[in-house]
Number of protein chains: 2
Amino acid sequence: MLQKGAVSARDVALAAGVSRTAVSRTFTPGASVSPATRAKVIAAADALGYHVNNLARGLTRAESGIVALIVAELDTPYRSRLVSALTDRLQTAGKVAMMINTDRSDASVEAALRQAIGYRTDAAIVLSGMPDRALADMCLRNGLRLVLINRDEEWPGTIRVRLDDEEAGARAARTLLRVGCSRPALASSASATASLKARANGFRAGLAAEGVVPMEVVLGPTSYETGLALGTDLFSRDIRPNGIFCVTDLLACGVIDAARHRFNLRVPADLSVIGFDDIPQAGWEAYDMTTFRQPVSDIAEACIAWLSSPAAGMDVETIKLSAEMVWRDSVAPPGE
Amino acid sequence: MLQKGAVSARDVALAAGVSRTAVSRTFTPGASVSPATRAKVIAAADALGYHVNNLARGLTRAESGIVALIVAELDTPYRSRLVSALTDRLQTAGKVAMMINTDRSDASVEAALRQAIGYRTDAAIVLSGMPDRALADMCLRNGLRLVLINRDEEWPGTIRVRLDDEEAGARAARTLLRVGCSRPALASSASATASLKARANGFRAGLAAEGVVPMEVVLGPTSYETGLALGTDLFSRDIRPNGIFCVTDLLACGVIDAARHRFNLRVPADLSVIGFDDIPQAGWEAYDMTTFRQPVSDIAEACIAWLSSPAAGMDVETIKLSAEMVWRDSVAPPGE
DNA sequence: GAACGTGATGCACAGCCGTGCAATGTCGGG
DNA sequence: CCCGACATTGCACGGCTGTGCATCACGTTC
């Protein structure tokens, strides 16, 4: 029975003395089987360690039950939280997540989606990189539904989940102004995705409403190290900022450490800092950072809800969620 | 052509004016097809957006190309790094990762493995929780190879990847003694896996060799918050430790923050701290922590190498790797 | 006792692919 | 001109499941 692969329904049927159909029906909810044969089948299946072959099942059914997560830099606090939430929700919805890594280049995103199509994934959730129109069409033609998280293009048959980044940026600006910050700065990374740009724009707009123009620095990828560099740049200037909005918590952590350990500045006495994402480290006592909370579970919930509703058709849909502000202790009126 | 699902080989054959077999052969490396028909097939496939159905392919072949990663608390620095490395390596080896979440209970590990069997996964890499012997047997009977990372049981047909945690713990002990730490402490979490226990035992043994017995605290799950609680407990005692080995960096971060922000202690002047894992935050300037580096890529490499070698048979195998010490600035001779 | 509805069961087929085997066509050599 | 070698191609089958349809047994009602 274990000739080369796994135990199949035929093996179970043989052992239970019933037809293979009976085995199939036993494991198909809603099918018609008598309690007696069902019992026999289950007994045999347990004894042999039988499990329905989802690959073959996906061949017949329209759905495979697999959903692809396309992501770059999974080893990053925000990403890993989102992926964790998504896989959790997928699982409770009876689906399973297939992880596909990307280096964010177009080529690798394309490869990832091709991989997803190859496994007849029910959907692909794109967290990183941006498939182009032709690619999206190919997915659709293969019955692959596309979910774009915090990306900006909109295409038929696709759902977008977006945050009100712009509004959050504006709110950061108003907050800094309200505590009396006279020299605000904007720190962002060079790998600007749609949402990072929106945050920056919102911040600029919020300041502009009061006639203020921020100092700006843009550097490298979104990372702690970039944050250090951003801070070092800003604090080396003749006129130092006394309030900084960082488009990402990771950057903010770096900025705070640069301020404290390289320039002996006090946060928040000498410098107010606002981040974005509310990664776990933002809540650590070493940072205690005021930031905006990404509604990670809401995002995940929204994606899975859309995927589970068979109604979700060919229309473009955009789900807007809002990022709440989390008040901690990195923002305060400047010292004397 | 897009009646309900995806485009199949028959569609391509029809469009290219060849037999379905020709299509299949075009996408099967090493099969015999003339350049002319191959070109026709590829043209048609591109036009239609055809991709080989890996589900069906996995039905015929012995291998599905899917490897399951069974993990709890993915949203944790060490886990996410390991998972990221594993998916990366799997991908370059031509396989793909299926993520299955666990809450670490036996029931959910069992569910995860059943899920993996259902999808005819080539292997399952277990990072969290511990399948029991019966479960492991069921996997084997279904042709599922099992890789256990930092778990301790050994079963036929299974590979274990282990660190020399014991030795590392001992080395932490010797290090603290060498810098003149007179009151060492051991901080560990209540959710003690095999490797955490080994680190603690190694530390105790290392101290015992010099006739020293550490203070000990054990609390909650492995998290930053637990670290805070551990530190608060230790520093509230009449006799405070002046050197602490934390079985995990996450715990160490909490301990350091408790020391600094709740008890005004200086690290390393008043207190030396050693962690384990070398998570990114350990290198942040706020912590600058001496710790042991988990050879994440070596671990991933070893797993994938074993999976790719068809020779890897029914023998128990154990791969031992060593955790290098990373010197940073959280360890120093106690101040005057 | 006959007609009829109902639930259980099995046959056979579809879904998509890889591959052994036979058939076909082509080319070179004798 | 014939024959063998060889590459190419297609048929048919196997792999595993779900399901429409026909069959059958059984119980009920008149």
Separation of [N] [atom2] from [X] [atom1] (nearest whole Å):
{"X": "Arg61(A)", "N": "dT17(D)", "atom1": "CZ", "atom2": "C1'", "result": "9 Å"}
{"X": "Lys40(A)", "N": "dA8(C)", "atom1": "NZ", "atom2": "C1'", "result": "12 Å"}
{"X": "Arg20(A)", "N": "dC16(D)", "atom1": "CZ", "atom2": "P", "result": "10 Å"}
{"X": "Phe27(A)", "N": "dT17(D)", "atom1": "CZ", "atom2": "C1'", "result": "13 Å"}
{"X": "Asn53(B)", "N": "dC16(D)", "atom1": "CG", "atom2": "C1'", "result": "13 Å"}

For [X] and [N], is the shortest distance between a side-chain N/O and OP1 or OP2 below 4.0 Å?
{"X": "Tyr119(B)", "N": "dC16(D)", "result": "no"}
{"X": "Ser24(B)", "N": "dC17(C)", "result": "no"}
{"X": "Tyr50(A)", "N": "dT17(D)", "result": "yes"}
{"X": "Ser32(A)", "N": "dA8(C)", "result": "yes"}

Pair of N/O donor and acceptor under 3.5 Å linking [N] base with [X] side chain:
{"X": "Arg10(B)", "N": "dG10(D)", "result": "no"}
{"X": "Arg120(B)", "N": "dG15(D)", "result": "no"}
{"X": "Arg57(A)", "N": "dG15(C)", "result": "no"}
{"X": "Ser19(A)", "N": "dC11(C)", "result": "no"}

Quiz prompt | Heavy-atom pair of closest approach, residues Ala93(B) and Ile304(B) | solution =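 Of all heavy-atom pairs spanning Ala93(B) and Ile304(B), the closest is CB-CG2, 3.8 Å.
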Quiz item: Can you name the nearest heavy-atom pair linking Val12(A) to Leu48(A), along with the distance?
Solution: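 Heavy atoms of Val12(A) and Leu48(A) come nearest at CA-CD1, 4.0 Å.
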Go through [options] for me and flag the one nearest to the [X] side chain.
{"X": "Val52(A)", "options": "dT8(D), dC17(C), dG18(D)", "result": "dG18(D)"}
{"X": "Val33(A)", "options": "dT9(C), dT9(D), dC16(D)", "result": "dT9(C)"}
{"X": "Thr60(B)", "options": "dG18(C), dT19(C), dG15(C)", "result": "dG18(C)"}

Practice problem: Classify the nucleic acid contact of Thr21(B) as base, sugar-phosphate or nothing, counting any heavy atom under 4.0 Å across all strands shown. | Solution: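 Result for Thr21(B) = base.
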Exercise. Taking atom CG of Asp106(A) as the centre, report whether more than 12 heavy atoms of other residues, nucleotides or ligands fall under 6.0 Å from it.
Key: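 Not more than 12 within 6.0 Å, no.
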